[in-house]
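Notes to accompany the following structure.
First the proteins, then the strands, lettered A, B, ... as listed; each starts at 1. If you're wondering where the values come from, they're calculated on a predicted model, not measured in any experiment.
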Protein chains: 2
Amino acid sequence: MNDSTAPRPDSVRLSLDDVHALARDTLLAAGLGAPHAAAIARSITRAQADECHSHGLYRLLGYVDSVRSGKVERQALPVLTRATPVVLRVDARRGFAPLAIETAVPALIEAAKTYGIAALAIHECYHFSALWADIEPAVEAGLAAWCFTVGQCCVAPSGGSAPLFGTNPIAFGWPGPAGRPFLFDFATSAAARGEVELKRRAGEPLPEGWAIGPDGAPTTDPATALAGALLPFGGHKGSALSLMVELIAGPLIGDVTSRQARALENGDAGPPLGGELFIAIDPAAFGGETLGRRLAEAEELFAQVKAQPGARLPSERRYAARARSADGVLVPAGLLAEIHALNR
Amino acid sequence: MNDSTAPRPDSVRLSLDDVHALARDTLLAAGLGAPHAAAIARSITRAQADECHSHGLYRLLGYVDSVRSGKVERQALPVLTRATPVVLRVDARRGFAPLAIETAVPALIEAAKTYGIAALAIHECYHFSALWADIEPAVEAGLAAWCFTVGQCCVAPSGGSAPLFGTNPIAFGWPGPAGRPFLFDFATSAAARGEVELKRRAGEPLPEGWAIGPDGAPTTDPATALAGALLPFGGHKGSALSLMVELIAGPLIGDVTSRQARALENGDAGPPLGGELFIAIDPAAFGGETLGRRLAEAEELFAQVKAQPGARLPSERRYAARARSADGVLVPAGLLAEIHALNR
C-alpha cells in the first residue's frame with residue numbers, strides 16, 4: 001500500500017465534506033432525486049475515506065451513466081414491508097441500492113435484536129456500492145451479519161467454458177473489536193473484471209487461474225479473458241459459493257440471476273439490476289451473561305492471527321486508511337476533471 | 001470415480017440394513033447408549049450409501065476409539081431449549097453430534113417454516129459425521145440451509161506460519177431439484193488432513209498450495225506438512241471464510257474455537273469437542289404464489305451449469321452412488337475384519 005499522506009502533484013486534497021458535497025451535487029445535477037443523491041454521496045464518501053478507490057468518487061462516473069441512460073428510477077422511494085417479524089423486504093423499485101439499504105437496515109437490526117436472527121431482502125435495485133459498507137451499521141450495532149448480491153455475469157463455473165455466474169460478492173462482519181470490527185467482502189470470482197481491464201491497459205499478462213478465453217481454454221491474455229470468462233476463486237469450492245450467491249440473492253428472494261440481469265442490460269457503465277440478501281444474528285441471543293467473555297475470545301482469535309507475521313485481518317487496511325482520512329483524502333486530478341466535466 | 005458395481009475379490013457386498021446393524025451393534029458393544037448408537041448407525045449408513053467412504057463404516061473405528069477413551073459421554077441425552085422462537089439451542093452434553101442433530105433439526109424446520117428464518121446451535125458435541133447429511137433433512141423439507149462447524153486445529157491463516165484454524169467445513173443446501181437437491185459441503189482448508197496422510201502413505205508429493213512446514217515455508221512433503229500446517233483453500237478469501245466459521249461455530253454460539261478444542265484433546269482417533277451452527281430459510285417466506293416459478297428458475301440455473309461440458313454440480317456424484325447403493329454397498333474386506341475385531 002502506498003503512503004498516501006504526502007500530496008502528489010497530480011492529486012488534490014479534499015475534505016470528506018467536500019467529497020460528500022461533490023458526489024451529491026454531481027448526482028443532483030444529473031437529475032437524480034435528492035434522497036438517492038444524499039444516500040449515494042454517503043456511500044461514496046465512506047468508500048473514499050477507506051481508500052476503496054473503485055467505490056469512491058470514481059464510481060460517480062458509472063452512477064451518472066446509469067442516471068442518464070434512463071435505466072434507473074431517479075425518484076423512486078423504497079418501500080419496506082415485513083413478510084414475518086424476522087423476514088423484511090424492501091422494494092427498491094429499480095432505484096439505486098444505498099437508499100433502500102439505509103431505509104431497511106435499522107429495521108433489520110431491530111428484528112435481529114428482538115428475535116436473535118433476521119433476514120432482509122432488497123429487491124429490484126441497482127447495486128453499485130461496496131458490500132462491506134452495507135452491513136457495517138449492523139455490525140457496529142453489535143450483530144454478526146452477512147450480505148450477498150449478484151454481480152455482472154462474467155464468471156464461468158469451475159470446469160466450464162462460458163459466463164454463467166456474476167462476480168457474486170460475499171460480505172461478513174463480526175461485532176468486534178469495537179471501532180474496528182472484523183469485516184470481509186470479496187468477489188467469488190478469482191479477480192474483479194476491473195482488475196483484468198487494468199492489466200489489459202497496462203499490457204500485462206494475467207496470473208494463471210483468473211480466466212478462460214471464448215474457447216474455454218485457460219488464458220493469461222487480458223483481451224482474450226474479457227471476451228471469454230473469469231473463473232471462480234478457489235476452484236470448485238469458490239464455484240459452489242458463487243452458485244450459492246446466485247440462488248440466495250436470486251430465486252430465494254424472488255430476484256434475477258446474473259444471467260437474467262444481463263439480458264436486461266443496456267450497455268451503460270453502471271451496475272446490473274438485482275437483489276441483495278442480508279442475514280443478521282445477535283450474539284446476545286446465545287446468552288447475555290456470557291457475551292463479554294465470548295467477544296473477548298473472538299478478539300483473542302484476531303490477536304492470534306495478527307501475531308503470525310505475514311497474516312493479516314481483512315479489514316485492517318481499510319481502518320488504517322480511515323484514520324488517515326480524518327483530515328482529508330487525495331483524489332487524482334484527472335478524476336476530478338472528469339467529474340467536473342459531468343457537471344458542465 | 002471407480003465403477004463399484006462389480007464386486008472385487010477384496011470387498012464384501014452388504015445391504016444397507018446390514019451396514020446399519022453392523023454399525024449399531026459395534027457401537028453398542030463398545031458401550032455407547034442405544035439412542036446414540038442408532039443415530040450414528042443411520043449417519044454412517046447414509047454416508048456409506050453415498051460412497052462418502054471417509055464418513056461411512058470406516059468412521060466406526062474413530063467412534064469406538066472415542067467411546068473407549070472416555071472423552072465422550074456415552075449416555076447423555078441432548079437437551080433442546082429455545083432462546084427465542086427462532087433461535088434454538090441443543091446442549092449435546094459432550095455426546096456425539098448425530099443424536100443432538102436428529103433431536104433438534106425438526107424444531108429448526110418448524111421454526112423456519114413458521115417465521116421464515118431460524119438458527120440452531122448444537123453445543124458441546126463431538127462432531128464426526130458428514131456435514132451435508134446434517135442439513136439434508138431441512139433441505140428435503142423445502143428449506144435453504146447452511147451449517148458450519150469447527151474441525152481439527154491444523155490450518156494456518158493465509159500468509160501465516162502455524163495452525164490456528166480448524167478444517168472448518170461449510171455446507172449449504174437448496175431445496176431442489178426434488179429428490180436430488182443441490183447440496184455442497186467442503187472444508188475451508190485446501191485439503192483434508194486425511195488426504196495428506198494418504199499421500200504420505202503412498203509416498204507421493206502434495207500439490208503446491210496445500211501446506212507449509214513447521215518453519216512456515218511452503219512444502220510438498222507430506223510428513224513436513226503434517227508437522228506444520230495445512231493452508232486454507234483459495235488464499236486470503238478461503239482464510240477469511242475459515243475465520244468466519246471459527247467465530248460463528250465458536251464465540252457466537254458460546255462454544256470453543258478449534259484451538260481451544262485442541263487443548264482439550266486426549267489423542268484418541270476421534271473428533272474434537274465443538275459446536276455447530278445451522279441457519280435455515282424458507283423460500284416460501286418470500287412469496288408463496290411465486291415459489292414454483294422461483295424453484296423452476298433455480299433448476300434452470302442448475303441445468304445451465306450441467307450443460308457446460310466439464311462443469312458439474314457438487315452433489316451429483318453422491319446421488320449417483322445413492323442410486324447404485326439401493327441393493328447394497330461394497331465394503332473392503334480388510335475394513336470389515338477391523339470392525340469385527342472391535343467386537344471381540
So, the side chain of [X] versus the backbone of [Y]: is there a donor-acceptor pair under 3.5 Å, distance only?
{"X": "Arg193(B)", "Y": "Gln152(B)", "value": "no"}
{"X": "Lys237(A)", "Y": "Ala187(B)", "value": "yes"}
{"X": "Arg89(A)", "Y": "Phe286(B)", "value": "yes"}

Quiz item: For the residue pair Val139(B) and Pro181(B), what are the closest heavy atoms and their distance?
Solution: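 Here Val139(B) and Pro181(B) meet closest at CG1-CB, 3.4 Å.
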Practice problem: Examine the side chains of Ser258(A) and Glu246(A) and answer whether a donor and an acceptor come within less than 3.5 Å of each other. | Solution: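 The answer is yes; a qualifying pair exists.
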Quiz item: With no hydrogens and no angle check, do the side chains of Thr188(B) and Asn168(B) hold a donor and an acceptor under 3.5 Å apart?
Solution: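 Distance-only check fails for Thr188(B) and Asn168(B).
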Top of [options] for chain A proximity - count of heavy-atom pairs under 4.5 angstrom:
{"options": "Gly159(B), Ala296(B), Gly234(B)", "result": "Gly159(B)"}
{"options": "Pro251(B), Ala311(B), Gly310(B)", "result": "Pro251(B)"}
{"options": "Ile253(B), Leu291(B), Thr84(B)", "result": "Ile253(B)"}
{"options": "Ala162(B), Ala144(B), Ala119(B)", "result": "Ala162(B)"}

Report which part of [X] has an atom under 4.5 Å of a heavy atom belonging to chain B: side chain, backbone, both, or neither.
{"X": "Ala307(A)", "value": "neither"}
{"X": "Ser161(A)", "value": "both"}
{"X": "Leu295(A)", "value": "neither"}
{"X": "Phe172(A)", "value": "side chain"}

For [X], which atoms come within 4.5 Å of any heavy atom of chain A: side chain, backbone, both, or neither?
{"X": "Phe184(B)", "result": "side chain"}
{"X": "Ala118(B)", "result": "backbone"}
{"X": "Leu313(B)", "result": "side chain"}
{"X": "Ile279(B)", "result": "side chain"}

Quiz item: Is the number of heavy atoms from other residues, nucleotides or ligands under 6.0 Å of Arg259(B) CZ greater than 12?
Solution: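 Open.
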Exercise. Answer yes or no: are there more than 12 heavy-atom neighbours, outside Glu110(B) itself, under 6.0 Å from its atom CD?
Key: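 For Glu110(B), atom CD is not crowded (no more than 12 foreign heavy atoms under 6.0 Å).
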Quiz item: Does the side chain to side chain donor-acceptor pair (under 3.5 Å) test come out yes or no for Gln304(A) and Gln308(A), once each step is laid out?
Solution: CA-CA 7 Å; Gln304(A) 287 160 355; Gln308(A) 295 197 11; over 6 Å; no
Practice problem: Name the member of Val305(A), Leu243(A), Thr290(A) that forms the most heavy-atom pairs with chain B at distances under 4.5 Å. | Solution: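 The residue among Val305(A), Leu243(A), Thr290(A) with the greatest pair count is Leu243(A).
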